[in-house]
Amino acid sequence: MKFASQLPVLFAAVLTLAACGKKEAPPVTPPAPAPVAVAPAPDLVNVPVSVKQVVLANQIGADKKAVAPATSFAPADTLYAVVETIGSGKASVKALWTFHKGDKTAQVNETTQELTLAGPTTSEFHISKPGGWPAGDYQVEVFLNGTSVGAQKFAVK
Amino acid sequence: MSMGNSNSGKSDDMPDFSDVAGGASSTAASQAAFKTYTIVSGDSLSKIAKREYGNAGAWKKIFEANKDAIKDPDKIFPGQKIKIPL
């Protein structure tokens with residue numbers, strides 16, 4: 001009689017053991033997203049100073065960037081050469097403005113900035129002439145640490 | 001190709017650029033700008049200071065910026081290139 005009274009308990013134990021032996025379906029987990037190849041951003045800071053571009057304009061903004069790049073100007077304009085650089089360190093940036101007539105060249109202005117750079121930088125050089133610019137062909141050549149990095153021709157009409 | 005005088009730009013039939021005003025600025029962490037000037041006959045640092053700054057007494061500012069090239073402020077030479085702080 002004692003055994004009979006324990007039957008339900010044994011039955012439950014057997015069921016439990018049977019359940020333990022049963023393999024459960026693994027939980028469904030979403031597959032990990034495939035890695036997306038992203039090109040590393042170019043380092044514009046920890047590199048030697050170099051000139052990215054030179055733009056001419058007759059007006060610049062508060063950020064010293066050219067408002068409207070141009071290669072032709074009016075006699076009364078103030079002429080701006082905007083030099084964008086990347087990199088860090090000390091650098092000497094020079095703008096040499098010249099006037100060209102036939103095979104003759106006259107120097108208009110030569111201005112140098114001694115800079116300590118800590119990443120992308122915008123520098124501007126400007127010239128003005130009280131009586132107005134004579135019409136003709138001009139050029140501004142930009143030098144970085146004494147080496148020419150390019151020249152831009154422009155005209156005053 | 002011939003290059004006119006670096007200050008006036010005036011030679012023969014070339015225009016006169018002696019009255020050109022120039023300047024520069026930057027977003028750089030630190031900056032110092034200067035104009036390059038070539039000494040001509042009859043120049044003195046005080047004359048240059050008067051012309052550039054409107055104050056002959058500012059010759060010292062020019063002298064200080066050129067101590068590597070000018071040892072005696074009374075001895076400057078035609079053709080000598082100096083820095084004019086802006």
Side-chain angles (χ1 to χ4, degrees), chain A residues 49 60-65 75 78-85 87-136 138 140 143 156, chain B residues 1-41 43 48-54 58 61-70 76 78-86:
Chain A
V49 177
I60 59 170
D63 58 359
K64 304 196 186 300
K65 292 184 189 293
T78 293
L79 312 177
Y80 292 88
V82 176
V83 182
E84 295 194 25
T85 55
S88 300
K90 288 185 181 294
S92 169
V93 183
K94 179 173 83 176
L96 174 62
W97 304 83
T98 48
F99 173 81
H100 299 258
K101 188 174 183 181
D103 63 346
K104 289 181 180 174
T105 300
Q107 184 169 317
V108 175
N109 181 270
E110 180 182 332
T111 299
T112 304
Q113 294 194 67
E114 302 286 358
L115 305 170
T116 301
L117 306 171
T121 301
T122 303
S123 305
E124 63 84 15
F125 296 85
H126 61 269
I127 54 172
S128 60
K129 193 173 190 312
W133 297 109
Y138 293 77
V140 61
F143 296 79
V156 172
Chain B
M1 183 168 67
S2 62
M3 179 75 84
N5 181 286
S6 63
N7 304 313
S8 69
K10 191 176 185 179
S11 64
D12 304 333
D13 57 343
M14 296 295 267
D16 179 9
F17 292 106
S18 61
D19 59 347
V20 169
S25 62
S26 175
T27 60
S30 76
Q31 56 163 307
F34 59 85
K35 181 171 95 173
T36 301
Y37 176 79
T38 304
I39 304 289
V40 296
S41 182
D43 269 343
I48 297 168
K50 174 73 176 169
R51 186 169 58 239
E52 296 293 333
Y53 304 125
K61 183 178 175 181
I62 299 173
F63 179 53
E64 290 294 329
N66 291 277
K67 275 196 161 174
D68 55 334
I70 301 174
I76 56 175
Q80 192 175 12
K81 286 192 172 187
I82 63 169
K83 302 172 186 174
I84 308 288
L86 297 176

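Every chain is numbered from 1 and lettered A, B, ... according to where its sequence line falls, protein lines coming before strand lines.
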(message) Test your reading of the model: is there a side-chain donor-acceptor pair from A:Thr116 to the backbone of B:Ala29, 3.5 Å cut-off?
(response) no
(request) Take atom NZ of B:Lys50 as the centre, draw a 6.0 Å sphere, and report whether it contains more than 12 heavy atoms from other residues, nucleotides or ligands. (result) no
(request) Name the option with the most non-hydrogen atom pairs under 4.5 Å to chain B; the candidates are A:Ser128, A:Gly119, A:Ala81, A:Pro120. (result) A:Ser128
(request) Tell me, out of A:Val82, A:Ile127, A:Thr122, who's got the most heavy-atom pairs with chain B below 4.5 Å. (result) A:Thr122
(message) Quick check for you: to the nearest 0.5 Å, what is the distance between A:Lys101 atom NZ and B:Asp13 atom CG?
(response) 4.5 Å
(request) Could you tell me whether the side chain of B:Thr36 reaches within less than 4.5 Å of the side chain of A:Thr112, counting heavy atoms only? (result) yes
(request) Could you tell me whether the side chain of B:Gln31 and the main chain of A:Leu115 form a donor-acceptor pair under 3.5 Å? (result) no
(message) At a heavy-atom distance under 4.5 Å, which candidate from A:Ala118, A:Gly102, A:Pro130, A:Ala95 has the highest pair count against chain B?
(response) A:Pro130
(message) Heavy-atom cut-off 4.5 Å, strictly under: side chain, backbone, both or neither for B:Leu86 against chain A?
(response) side chain
(request) Of all the heavy-atom pairs spanning A:Thr121 and B:Thr27, show the shortest one and how long it is. (result) CG2-OG1, 3.3 Å
(request) Test B:Phe34 against A:Glu114 for side chain to side chain contact (heavy atoms under 4.5 Å, CB included), laying out the working first. (result) CA-CA 8 Å; B:Phe34 59 85; A:Glu114 302 286 358; 3.5 Å; yes
(message) For B:Ala28 versus A:Leu117, what's the shortest heavy-atom pair and its separation?
(response) CB-CD2, 3.6 Å
(request) Would you mind checking which part of A:Trp97 comes under 4.5 Å of any heavy atom in chain B, side chain (CB onward), backbone (N, CA, C, O), both or neither? (result) neither
(message) Can you classify the ring geometry of B:Phe17 versus A:Tyr138 as parallel (below 30°), tilted (30 to 60°) or perpendicular (above 60°)?
(response) perpendicular
(request) For A:Lys90, check salt bridge (charged side-chain N to carboxylate O under 4.0 Å, His left out) against everything at least two apart and list the hits. (result) none
(request) For the residue pair A:Phe99 and B:Met14, establish whether any side-chain heavy-atom pair is separated by less than 4.5 Å. (result) yes
(message) Testing the basics here: between A:Gln113 and B:Ser26, what is the closest heavy-atom pair and its distance to 0.1 Å?
(response) OE1-CB, 3.5 Å
(message) What part of A:Lys64 gets within 4.5 angstrom of chain B, counting heavy atoms only: side chain, backbone, both, or neither?
(response) side chain
